[in-house]
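Take a look at the structure set out below.
Remember, it's 1-based here, ligands and their atoms both numbered in the order they're listed.
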Amino acid sequence: MQALVGLTTTELGDVAQTLGQPAYRGKQIAAWIYKRGAETVAEMGDLPKELRERLAAEYVVGLPEAAHRDVSSDETVKYLMRLQDGETVESVYLPYPERVSVCLSSQVGCAAGCRFCATAQGGFGRNLTTGEIVGQLLRMQRDTERRVSHAVYMGMGEPLWNYENVIKSLIVLRDEVGMSLRNLTISTVGVVPGIVALTKENLPVTLALSLHAPDDELRADLIPTARKWKLEEILDACAEYAQTTGRNLTFEYLLIGGVNDTPAQARELAHLLQKKRLPGNVNLIPFNFVATPQGFQRPTKEAIAAFRVELERCGRITTQRMTRGHSISAACGQLRRTVADRLVSLPLS
Ligand code: SAH
């Protein structure tokens, strides 16, 4: 069955017309899906019965199902979302007193192969549709009964390798759900053609670059895909993005003990960003443990602090990601793996 979620008001109007109804019904259907959180056509009470029946015969709303939920002591909720074809992806719900943020997946699995990432270990499955991306957010809104204000594309997958569906999801989140582009963040491993294309979209979202190393050699060791694009090229594309959109950038730096966490590397990182006159904070992310052949470990508290002090001494504003949801394996791809392991030994009855 075809999904309605992911379609714009205009497209929903076209659907109504193909069912012999006026186009303005599209507006009503969109309001039910995006504003009122309907998950079935039957819920759309103010649509004529005939339209509801015809819609339900050919379409579903198509929100992903919450197949599994892990609630952390800090109220972070990690979801395993089951898509219509049975594939699963992870989403995270992060409530703060003044806002609610969610982390969305853009692909089933990922092809980037990052050595430290649990998602990479499972390989690539497929791209998510626009409806599956937006649907994760709508499912969490419905489930928690709280309005989501911020979304980061930092779940499973590389958003810029699912370019068209991700772009359309930004448009649906802005125009249909009513979110501000300022509150949407695309996180990328550094896909240069994607960054260049995004610069021209007139969709000034926040761009976060997963940097993780101050030089090409170490970066390629951690992120095999990085061999395709030199840091120089990636940072130039980011600079252009910042200049065109007027938005600040975020540089994510995953800290792995004894690999990329020395003060000398912090200095090199600060100089690299300085040289390119790149605006933006560095966000330090201590490695969330994932078993790897390289035996990667979390950095020590002292190493994290020293790295941060050095970056700040070099004039770079540095934040540290609050490690939330630690008790629920909130690192990218971890829940899916644990649940998959559990399902192997404990088949669902
Ligand atoms: N492909 C995109 C978005 C998904 S990954 C990207 O690379 O940015 C989202 C973030 O989670 C990235 O910064 C990634 O490096 C980080 N991440 C992956 N594995 C991690 C781990 N084990 N611990 C902490 N952060 C991790």
Check for a donor-acceptor pair, side chain of R99 on one end and backbone N or O of S149 on the other, with a separation under 3.5 Å.
no
Which one of L160, T225, N283, N288 has a non-hydrogen atom at the shortest distance from atom 21 (C) of ligand 1?
N288
Proximal atoms of ligand 1 relative to C117 (non-hydrogen, under 4.0 Å)
18 (C), 19 (N)
Under 6.0 Å between ring centres, would you say that holds for F296 and F289?
no
Atoms in ligand 1 with a heavy atom of S210 nearer than 4.0 Å
6 (C), 7 (O), 8 (O), 12 (C), 13 (O)
H150 and Y96: aromatic ring centres closer than 6.0 Å?
no
Just to verify, which of S105, S169, S106 counts as forming a side-chain hydrogen bond (donor to acceptor under 3.5 Å, both in side chains) with Y153?
S169
Based purely on interatomic distance, does G157 place a nitrogen or oxygen under 3.5 Å from a nitrogen or oxygen of ligand 1?
yes
Quick test of your reading of the model: are R313 and E310 salt-bridged, counting only N-O distances below 4.0 Å?
yes
Per-atom filter on ligand 1: closer than 4.0 angstrom to a heavy atom of E252 are 13 (O)
For the 3.5 Å polar cut-off, considering only N or O atoms, please tell me whether H212 and ligand 1 meet it.
yes
Closest non-hydrogen atom pair, D261 against I256
CG-O, 3.5 Å
Answer yes or no: is there an ion pair linking K49 with E53, defined by an N-O contact shorter than 4.0 Å?
yes
For ligand 1, which part of T188 has a heavy atom less than 4.0 Å away: the side chain, the backbone, both, or neither?
backbone
P286 N/O under 3.5 Å from ligand 1 N/O:
no
Closest candidate by heavy atom, reference atom 26 (C) of ligand 1, pool V290, L254, I256, L222:
L254
Heavy-atom contact check, 4.0 Å cutoff: does A120 meet ligand 1?
no
